[in-house]
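Letters A, B, ... are given to chains in the order of the sequence lines, protein chains preceding strands, and every chain is numbered from 1.
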2 protein chains.
Amino acid sequence: MKTDTEQTLAQKLIRQVNGRVTPIRLGVLELLLNTQTALSHQELEQAAAQTGLVADRVSLYRALDWLVEQGIAHRISSHDRAWRYKAQAELTSPHAHFQCKHCSQVFCLEDLQPALLFKLPPGYQLDEIELKLQGTCPACASLNAI
Amino acid sequence: MKTDTEQTLAQKLIRQVNGRVTPIRLGVLELLLNTQTALSHQELEQAAAQTGLVADRVSLYRALDWLVEQGIAHRISSHDRAWRYKAQAELTSPHAHFQCKHCSQVFCLEDLQPALLFKLPPGYQLDEIELKLQGTCPACASLNAI
DNA sequence: CTAAAGCTGCAATTAAGTTGCATTTTATTT
DNA sequence: AAATAAAATGCAACTTAATTGCAGCTTTAG
Ligand SMILES: [Mn+2]
Ligand SMILES: [Mn+2]
Ligand SMILES: [Zn+2]
Ligand SMILES: [Zn+2]
């Protein structure tokens, strides 16, 4: 499930920001790198259990927070009030996310960068852009012909 | 604080969708119409108390849910895990929102409609677009010269 | 005026996320 | 190969937004 290359990548990313390499951080980061969709805390906890990673809930929260602080992972707010997390091999520019209203999964659409064509009203200082699309994902669409 | 015109507007909006006109719905809708920023549940509760509207927390939640279901109000997910609600006199098209990282207020930017220039990957069916910008609002910027 | 449908209040519950503190682990220095 | 300081972890308790079930009360149609 996890290749040598990927393991090395997680370590490299953590060392790049002068972070301590711990089993929890490695395990979490590998999952965020290898999973195609963004993971909620709960989904991460289940995935972690399957890979044999033992960690307290709180430690997972703290590992996720740390990865986001360091810019290694990013998080997307989802319509079920839970944050979802994803990491990429390369530093990613701001991009859109798609959340399926049926299965709640969140997909990174990295090719869909919000064009900064718009102009903000005067006085507003911009830090972050979050373009979130909602609808039906390909899997759900084909499943039940919604 | 609330004019005759506005009161009539709230009633009109509720009747347009064949909803029962109750003091709570009226009070909540008037607040959502008259407040410039989108209100969190907590902010609404405080505002309601000031206007003399008596209502249980749960009833406020239910009134908000109902207004959103009916398309009279819309809600925006905010970075503090609380939904924020706003209503407009006219039916509004999808637009961007700006949340200040300092005061957490959410502003509707109705003139900033996300151009639907982008193309979604094949298979994804689009229902809603949420473009949320984050940064510093004019008030916070001038206050502390951040 | 009456009745049914639909709201509301209250109490209990859910679920994501946070906090404080004692203990363990990591990475660095000797 | 220790010793050490700094940082990460586990555990228990806590916070807070939002939800649920149900009895009682309002609204509206007839
Ligand atoms: Mn992403
Ligand atoms: Mn808005
Ligand atoms: Zn789906
Ligand atoms: Zn502000």
Given DNA chain D, 5'-ward residue of the pair Gln42(B) and Val54(A), judged by closest heavy atom: Val54(A)

Position toward the 5' end of DNA chain D (nearest nucleotide), Ser40(B) or Gly19(B):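 Taking each residue's closest nucleotide, the earlier one in sequence belongs to Ser40(B).
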
Atom [atom1] of [X] and atom [atom2] of [N]: how far apart are they, to the nearest Å?
X        : N       : atom1 : atom2 : value
Asp80(B) : dT18(C) : CG    : P     : 12 Å
His79(A) : dT19(D) : NE2   : P     : 13 Å
Arg15(A) : dA7(D)  : CZ    : P     : 17 Å
Leu64(B) : dT8(C)  : CG    : C1'   : 14 Å
Arg84(B) : dA17(D) : CZ    : C1'   : 12 Å
Asp65(A) : dA7(D)  : CG    : C1'   : 16 Å
Leu26(B) : dC7(C)  : CG    : P     : 13 Å
Arg81(B) : dG17(C) : CZ    : P     : 5 Å

Kindly indicate whether the side chain of [X], heavy atoms from C-beta on, has any atom under 4.5 Å from the side chain of [Y].
X         : Y         : answer
Arg84(B)  : Glu43(B)  : yes
Tyr85(B)  : Asp65(B)  : yes
Glu130(B) : Gln134(A) : yes

Picking from [options], which would you name as closest to the side chain of [X]?
X        : options                   : value
Arg62(A) : dT8(C), dC11(D), dG6(C)   : dC11(D)
Pro23(A) : dG17(C), dT26(C), dT28(D) : dT26(C)
Val58(A) : dA17(D), dT19(C), dG17(C) : dT19(C)
Ile24(A) : dC10(C), dG17(C), dT9(D)  : dT9(D)

If the cut-off is 4.0 Å, is [X] near the phosphate of [N], judged by side-chain N/O to OP1 or OP2?
X        : N       : value
Thr22(A) : dA7(D)  : no
Trp83(B) : dA17(D) : no
Ser59(A) : dG10(D) : yes

Under-3.5 Å donor-acceptor pair between Arg20(B) side chain and dA5(C) base: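 In this structure, the two groups form a donor-acceptor pair.
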
Polar pair under 3.5 Å, donor/acceptor by atom type, side chain Arg57(A), base dG17(C):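 Under the 3.5 Å cut-off, the side chain and the base do form a donor-acceptor pair.
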
Hydrophobic cluster identity match, Leu39(B) and Val58(B), side-chain contacts under 4.5 Å: no

Sugar-phosphate only, base, or nothing, as touched by Ala63(A) at under 4.0 Å among non-hydrogen atoms: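 It contacts nothing in the nucleic acid.
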
Residues Glu128(B) and Lys101(A) bridged, charged N to O under 4.0 Å: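 Yes, this pair counts.
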
